[in-house]
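Chain naming here is simple, since letters A, B, ... match the order of the sequence lines and numbering starts at 1 in each.
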Amino acid sequence: MSANKHPLYAARKAWTLVPALVMTLAACAAPPPAAAPAAPAAEQPAAPAAEMSFWAKAAEPYKGVTIRGISESTPPSNYVKDVLAPAFEKETGIRVDFETTSWDQQYDKAIKDMEAGTGIYDFVYIEQDIIYSYLKNNYLTNLTQMLKDKPELASPDFDISKFTSFINYFKDPSTGDVYGIPMEAFVKVYVYRKDLFDDPEVQKAFKEKTGRDLKPATTFEEYAEIADFFTEWGKDKELWGTTVQAVTGHPASFYEFFETIAPSFGVYNWGISQDYRASVDKGGSLNGDKAKKALEFWVGQLKNAPPEATKSTWDEVAATFAAGRAAQGWIYGENVAWIASDPTRSKVVGKVGVALPPTAEGVIEEAKAGKGYIGYYDGGAFGIPVSSKNKEAALLWLQYIGQPAVQPEWAAKSARIVHTDTFNDPKVAEMDTQTNGYYTLLREQGPLFAGAPPFPFHAQLREVIAPFIYKAITGELSPSDALDQAAKAADEELVKLGYAK
Amino acid sequence: MNDKNNSTKPRQGFLPITTNLFDRVFISVVILVAIHLLWMRFLEALLPLWIATILSLVLAVIILKWG
Amino acid sequence: MQSPRTGWGLLAPTLIILAITGLLPFLYVVYVGFFDWNPFAATKDMVFAGVNNYRRLVFDNDFLQSLGRTLVFAVCAVASELVLGFLLAQTLTKEFPGKTFFRTVFALPLMVAPIAVGATWRLLTMPGLGPLPYYLDKLFGLNYNIGIFSDQATLTLVLMDIWHWTPFVTLVFLAGLISLPKEPFEQAQVDGANRWQIFRYLTVPMLMPIILTTVFIRMMDALRIVDEAWMLTNGGPGTSTLFIGIHIWRIVFPKTDYGYGSAMSLLVLYLTIVLCWLLFVAITSARQHEVEGMRG
Amino acid sequence: MRRVPRNIGLTVLWIGVTILTLFPIYWLFVISARSRVELFEPQRLIQTTFFAENYIRPLSDRTFRGYIINSVIIATGNALLVTILAVAATYALSRYRLKGSSNIFFWTITNRMAPPAAFLLPLFLLYARVLKIGDWKMFDTHIGLILLYCVFNLPFAIWLLKSIMDGIPIELDEAARVDGATTRMVLFRIIIPLAAPGIAITAILSWVFAWNEYLFAATLTSVTARTITTGLAEFVTVTGTNWGEMAAVSVIALLPALLFLALVQKYIVIGLTFGAVK
């Protein structure tokens, strides 16, 4: 048989198609030359002339350096990437390559880089809950020390004392030295549908049913009552009584329980004791009565939540509330702003009420006395890995994003506040009205909330406990059994990790 | 072909398939791992692990030679 | 016969690249597998642990369960794909209006990125947001919620995998069916064999190498499914779809338990290789059989 | 006699199959055309409005266009490399009596079997610390991913091409050799033309797999070589998964693959036929 007569010989054309295709594709995908001018230039924060000369002068030796950073792709980060980084480059000649990616990816990559000491990243996003792990492993540069050592790099305009109390989470507890410059901060608050709560007819129906006046819940009994009522009332209206952030398989459900529900029942620090014990008989409170009551309450609210609750992370919970599918719920503060103000994303613009989360008896008093807390103060900062090879340029950059001049615009664009003064800005005041007082709450009640407990084993322990919470959600385990088993597993893990003796 | 070593030539031993040297090494390693894992799961409480090691090495020799 | 040296020369680049990107990391994982190593433990250093990781593994119920459910998933998915793929390939050997169009469109899922497949199915099945739960409830009164019911979640994952990979199986089978010699079939019809007999005694044996090869390549991929399942269910509800790939991911990433995760990876790799090797041997002997059968 | 109605039946069957095949993709498109306020409307199967912003925003974002270009470079580079290597390798495995060639064949395939998660750490170390020249690292480079994708594409390509090579009668080579042809001539004049459909399929499937890969790309790239699939993960954020834009980018990512499919659909089965014969 000769090659030419082979039946497949004709099909050879397919081969010639490949390069042609590739070229077509490349042509399609290539950007038009010079099509994207530095758009953000117009939004550049106006800085006084004197400061400009400081940045330019201090950055002189580092001109042309590229620093690289990584963060989660959030509105505050995207603002940094799109606005602040180009502005900084323009002033200093230091280029900022800023990688924004998903939440788990940014952790993984930053940790790999710092653990291996490769020095890929010159600044990394530090979420509040991971800082203690990073500090334990000496991943981060001491910024206070570095500013002292290199006064020529210290901006006259950068002042640690201008920050809100949130910056305390990024200090080494023993020395008070700062390791991260906060770039976002929120609290997880109780939100409710103001329009429904204020509706006379709804109020009447509620009064008839329960004998009480309809107002935002301050206790869990009231919360459950309101949830029951609205679930019943909203049966044919696509409305449910509460949101529950109860996805299984994703840490979001673990966080809602341990950072919001459990503390407001009086179980702090995940129920882990000072000497790192979890179960009650070893001195912890993870499977104590309060924790069990809290889990029972929370899982019990699933019946009042829309069907997507068990697939809901913080994203979907916010989306659910924004779609007008829940009468009340716990929502991370960074979402409150857009839910209350952005009509392209939310159906409940202008109908959102914000209040302190409901609490069990005595918890508010404990929080005020500084012995406890009622919910989660979340946020993140940028820090410089010890392995970075461009620490000086990165230090300038961190001061740049920490200076007062850039704060108001940034806050208005992405609902985050890290400076005390920012609260007074007119733009923020306007947002405050739109959200019915979220920013006032953040300012005045912020200290009642707290960040994650100072564990150097945050993610490790979370992964051990979380499956039991998942099983409580699906009903595979009763809340009581789930916490008993979780406490046992947590104790074993803490011994294995070498923290508990 | 002038093979210096005959063992790389495929042959039929007591194993149900035709094997060459690499195959037999591979089978030995697979069995070695399997024996150790099963030993740890079921027998280690009674007998120490090194017995498994000796056992699987003996088996490996048998397979390499006559497999 | 040409000199083996040219042959090795042609093979060398492949072997070198695979040695660097495949073998080297493998050796490193073997090494780490013998250590206790978690950078966020009280001691962040690697501590030699002998076979302790493996000792823990064989008693680790979470791991064994995860292994079990991965296997169940892979077998269910691949078996369904084989049956469906075979039936659809049969229909494609015949002429009917619109065949080319259907065949082309059918290959579409193959082109979608696994992570996008997961996202697509999540949008499809998300309660409150997806049409599937809505219409199942409206039309059949079925309470479909993959956030609560584990069997539904597993079933949905199997369906997703079928949707994604049946086209591939179908195309391979179609290619196989087209290339079968015609004569034995004509002869069998002359001899009065019925359809079942033709299928049982002619088609299946002659297609055996292809069937086995397809099982081989599909099993290999189904056992290490991560992206799609991660996007669709996150391993939930509870831990009911926590496949081994996701389980390892959890151990290695958020938990940063590098030693244990490495040991686990290796054990899974070991099991996959053994399974695939058995299939491989079966394929080789099936081919030999076929060759001998043709000669005989 | 029964033939006509039965084949109409097949058409009906395939219409059903096609609807099932297309519906998830259609839904992806529907979501990509919806604004966030429209998301919770599962009952609306027909999309009448089009929220173009989902497409405009990523497409007007320079970084995102960069991702697409990176994906094109990496997928194409990898497909070409894999195809060339696989042709050479399978030719060697098929035509030369190499010691332990079936073992080598099996070993190459095992490279595809590893559960990737644990292998990312050594790969990261390898790329960030070992494979570097001065300041240049393999980390976050196109060439790095092109080489890495060989790990899962080469086994597949070799598996596919090996049987194709075996299917080409060895007598053809021998006849050519008798006429004085060199190895290169045999390869280019006989083997490659004959195996062309199979080679094309190999290249296309490799391209698709490389285009779609997520995990390695997410770990081993940072800014300069990020691909479109890693871009997808950026939409899953604390402030709400941006399903609309994510779906839009998925649709965009699907387009080149679709184009491929439309252009080569004729050869897919022919290409596989060759491979499946033996």
Side-chain angles (χ1 to χ4, degrees), chain A residues 1-3 6 8-9 11-15 17-18 21-22 24-26 28-31 35-36 68 70 72-75 81 97-103 105 108-109 112-113 116-118 120-121 238 308 313-316 318-320 322-323 325 332 334-335 338 343-347 414, chain D residues 35-37 39-40 53 60 62-63 65-66 68-69 71-73 76 79-80 120-121 124-125 128-129 137 139-140 169 172 189-190 192-194 196-197 199-201 203-204 218-219 222-224 226 230 233-241 243 256 259-260 263-264 266-267 270-271 273-274:
Chain A
M1 182 176 74
S2 108
H6 194 280
L8 296 169
Y9 189 71
R12 207 170 40 162
K13 270 180 286 176
W15 182 235
L17 274 173
V18 176
L21 252 174
V22 168
T24 325
L25 271 174
C28 294
R68 184 177 276 200
I70 183 166
E72 188 187 352
S73 164
T74 58
K81 182 165 119 179
D97 268 352
F98 192 34
E99 173 184 349
T100 54
T101 181
S102 69
W103 180 71
Q105 279 294 332
D108 174 51
K109 294 173 82 170
K112 277 202 180 84
D113 178 47
T118 32
I120 290 168
Y121 297 113
E238 291 282 302
E308 65 267 27
T313 66
W314 31 66
D315 306 345
E316 286 85 6
T320 297
R325 291 165 66 83
Y332 280 96
E334 64 254 54
N335 295 312
W338 67 260
T344 64
R345 298 155 84 187
S346 166
K347 285 184 177 166
S414 54
Chain D
S35 68
R36 278 203 205 193
V37 270
L39 275 185
F40 285 90
E53 215 177 294
S60 60
R62 198 166 30 159
T63 25
R65 284 203 308 264
I68 297 178
I69 296 165
S71 271
V72 170
I73 294 173
T76 311
L80 289 177
L120 287 171
L121 179 70
F124 175 83
L125 292 176
R129 283 176 70 170
K137 300 183 189 79
F139 179 83
D140 200 19
L172 291 179
R189 301 260 171 85
I190 296 173
I192 291 178
L194 276 176
I199 292 173
I201 286 307
I204 288 158
T219 309
S222 165
V223 182
T224 48
R226 272 177 95 75
T230 59
E234 284 184 28
F235 296 112
V236 187
T237 72
V238 208
T239 47
T241 302
W243 289 113
L259 199 70
F260 258 129
L263 285 174
V264 300
K266 256 164 99 179
Y267 305 106
I270 304 177
T273 312
F274 232 152

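Atom-to-atom distance recorded for A:Ile120:CD1 and D:Asp140:CG is 8.0 Å, nearest 0.5 angstrom.
Per-residue counts of heavy-atom pairs under 4.5 Å with chain A were compared for D:Ser222, D:Ala79, D:Gly66, D:Ala218; the largest is that of D:Ser222. Across D:Ser35, D:Ala128, D:Ser71, the residue that shares the most heavy-atom pairs under 4.5 angstrom with chain A is D:Ala128.
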key: Steps toward side-chain contact (heavy atoms from CB on, under 4.5 Å) verdict (D:Thr63, A:Lys81)   = CA-CA 11 Å; D:Thr63 25; A:Lys81 182 165 119 179; 4.2 Å; yes

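Using a 4.5 Å cut-off between heavy atoms, A:Ser346 touches chain D through its backbone atoms (N, CA, C, O) alone. Neither the backbone nor the side chain of D:Leu39 comes within less than 4.5 Å of any heavy atom in chain A. Contact annotation for A:Glu238: neither backbone nor side-chain heavy atoms come within less than 4.5 Å of a heavy atom of chain D. Residue A:Ala322: no heavy atom, backbone or side chain, is found under 4.5 Å from chain D.
The minimum heavy-atom distance linking A:Lys109 with D:Thr219 is given by the pair CE-O, 3.6 Å.
Annotation: side chain of D:Phe124 is in contact with side chain of A:Thr118 (closest heavy-atom distance under 4.5 Å). Contact of the D:Arg226 side chain with the A:Thr101 side chain is registered, since non-hydrogen atoms from C-beta on lie closer than 4.5 Å. Contact annotation: the side chain of D:Thr230 never approaches that of A:Gln105 to less than 4.5 Å [non-hydrogen atoms, C-beta and beyond]. Between A:Lys347 and D:Phe40 there is no side-chain heavy-atom pair separated by less than 4.5 Å.
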